[in-house]
Amino acid sequence: MSQPYMIIPAGNASPADEWTRLGVKAHSENRLDEAEHNYRQALRLDPHDTKTNMNLGVLYAMKGILHVALLFAERASLFGPSVGLVWAN
(Lines give C-alpha, C1' and ligand atoms only; values in the text may rest on other atoms or scores of the structure.)
Protein backbone atom coordinates (compact mmCIF):
# COMPACT_ATOMS: atom_id res chain seq x y z
CA MET A 1 0.00 0.00 0.00
CA SER A 2 1.59 3.28 -1.02
CA GLN A 3 1.09 6.54 0.79
CA PRO A 4 0.01 9.26 -1.66
CA TYR A 5 1.06 12.11 0.62
CA MET A 6 3.75 13.06 3.08
CA ILE A 7 2.92 12.79 6.76
CA ILE A 8 3.13 16.21 8.39
CA PRO A 9 2.57 15.86 12.14
CA ALA A 10 0.00 18.03 13.85
CA GLY A 11 1.33 20.39 16.49
CA ASN A 12 4.44 19.07 18.18
CA ALA A 13 3.81 15.38 17.40
CA SER A 14 6.62 13.39 15.85
CA PRO A 15 6.16 11.74 12.45
CA ALA A 16 6.05 8.35 14.22
CA ASP A 17 3.26 9.62 16.49
CA GLU A 18 1.32 10.82 13.47
CA TRP A 19 1.61 7.41 11.78
CA THR A 20 0.42 5.79 15.00
CA ARG A 21 -2.52 8.22 15.17
CA LEU A 22 -3.48 7.30 11.60
CA GLY A 23 -3.15 3.63 12.53
CA VAL A 24 -5.43 4.03 15.53
CA LYS A 25 -8.00 5.84 13.38
CA ALA A 26 -7.97 3.09 10.73
CA HIS A 27 -7.96 0.41 13.44
CA SER A 28 -11.01 1.93 15.13
CA GLU A 29 -12.80 1.94 11.76
CA ASN A 30 -11.93 -1.76 11.25
CA ARG A 31 -9.64 -0.99 8.29
CA LEU A 32 -7.09 -3.46 9.58
CA ASP A 33 -4.76 -3.62 6.57
CA GLU A 34 -4.45 0.17 6.50
CA ALA A 35 -3.93 0.24 10.27
CA GLU A 36 -1.18 -2.39 9.97
CA HIS A 37 0.55 -0.33 7.27
CA ASN A 38 0.38 2.83 9.38
CA TYR A 39 1.66 1.10 12.53
CA ARG A 40 4.55 -0.42 10.60
CA GLN A 41 5.44 3.01 9.18
CA ALA A 42 5.49 4.35 12.75
CA LEU A 43 7.74 1.50 13.88
CA ARG A 44 10.16 2.18 11.02
CA LEU A 45 10.67 5.62 12.57
CA ASP A 46 10.50 4.59 16.24
CA PRO A 47 10.83 0.81 16.68
CA HIS A 48 10.75 1.07 20.49
CA ASP A 49 7.39 2.80 20.80
CA THR A 50 5.35 0.86 23.36
CA LYS A 51 1.88 1.93 22.25
CA THR A 52 2.52 1.18 18.58
CA ASN A 53 3.96 -2.26 19.33
CA MET A 54 0.99 -2.95 21.62
CA ASN A 55 -1.54 -1.77 19.02
CA LEU A 56 0.05 -3.92 16.34
CA GLY A 57 -0.13 -6.90 18.71
CA VAL A 58 -3.81 -6.25 19.31
CA LEU A 59 -4.38 -5.95 15.56
CA TYR A 60 -2.73 -9.31 14.89
CA ALA A 61 -4.79 -10.88 17.68
CA MET A 62 -7.92 -9.53 15.98
CA LYS A 63 -6.74 -11.12 12.73
CA GLY A 64 -6.20 -14.43 14.56
CA ILE A 65 -2.43 -14.41 14.03
CA LEU A 66 -1.68 -15.06 17.67
CA HIS A 67 2.02 -15.98 17.46
CA VAL A 68 2.76 -12.60 15.84
CA ALA A 69 0.45 -10.84 18.30
CA LEU A 70 2.47 -12.29 21.18
CA LEU A 71 5.74 -11.13 19.62
CA PHE A 72 4.51 -7.53 19.47
CA ALA A 73 3.08 -7.72 22.99
CA GLU A 74 6.47 -8.92 24.22
CA ARG A 75 8.22 -6.09 22.37
CA ALA A 76 5.83 -3.59 23.93
CA SER A 77 6.51 -4.94 27.40
CA LEU A 78 10.27 -4.68 26.84
CA PHE A 79 10.15 -1.06 25.71
CA GLY A 80 7.57 0.40 28.07
CA PRO A 81 7.24 0.86 31.80
CA SER A 82 3.54 -0.06 31.86
CA VAL A 83 3.94 -3.81 31.39
CA GLY A 84 0.64 -4.52 33.15
CA LEU A 85 -1.27 -2.41 30.65
CA VAL A 86 0.33 -4.25 27.74
CA TRP A 87 -0.56 -7.72 29.03
CA ALA A 88 -4.07 -6.60 30.06
CA ASN A 89 -4.83 -6.07 26.38
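What you are looking at is a predicted structure, and each value in this text was computed from that prediction instead of being measured.
- Residues Ala13 and Asp17 approach most closely at CB-CB, 4.1 Å, considering heavy atoms.
- Among all heavy-atom pairs drawn from Ala42 and Ala16, the shortest one is CB-O, 3.4 Å.
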Sequence neighbours left out, cut at 3.5 Å: what donor-acceptor pairs do the side chains of residues 62-72 make with other protein atoms?
{"from": "Lys63", "atom 1": "NZ", "to": "Asp33", "atom 2": "OD1", "distance (Å)": "2.9"}
{"from": "Lys63", "atom 1": "NZ", "to": "Glu36", "atom 2": "OE1", "distance (Å)": "2.9"}

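- The OG1 atom of Thr20 sits 10.5 Å away from the CE atom of Met54 when rounded to the nearest 0.5 Å.
- Taking the side chain as every heavy atom from C-beta outward, Gln41 and Pro15 never approach each other to under 4.5 Å.
- Residue Thr52 holds its OG1 atom at 10.5 Å from CG of Asn38, rounded to the nearest 0.5 Å.
- Rounded to the nearest 0.5 Å, atoms CG (Asn53) and CD (Glu74) are 11.5 Å apart.
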> For Leu32 and His37, what are the C-alpha separation, side-chain angles and deciding distance, and is it a side chain to side chain contact (heavy atoms under 4.5 Å, CB included)?
Replying inline: CA-CA 9 Å; Leu32 300 184; His37 170 78; over 6 Å; no
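- Note that the CZ atom of Arg21 and the NZ atom of Lys25 stand 8.0 Å from one another [nearest 0.5 Å].
- Every residue two or more places apart in sequence or in another chain that forms a side chain to side chain contact (heavy atoms under 4.5 Å, CB included) with Ala35 is listed here: Ala26, His27, Tyr39, Leu59.
- The salt bridge (Lys or Arg N to Asp or Glu O under 4.0 Å) search around Asp46 returns none, not counting sequence neighbours.
- Among Thr50, Val24, Asp49, the one residue that satisfies the side chain to side chain contact (heavy atoms under 4.5 Å, CB included) test with Asn55 is Val24.
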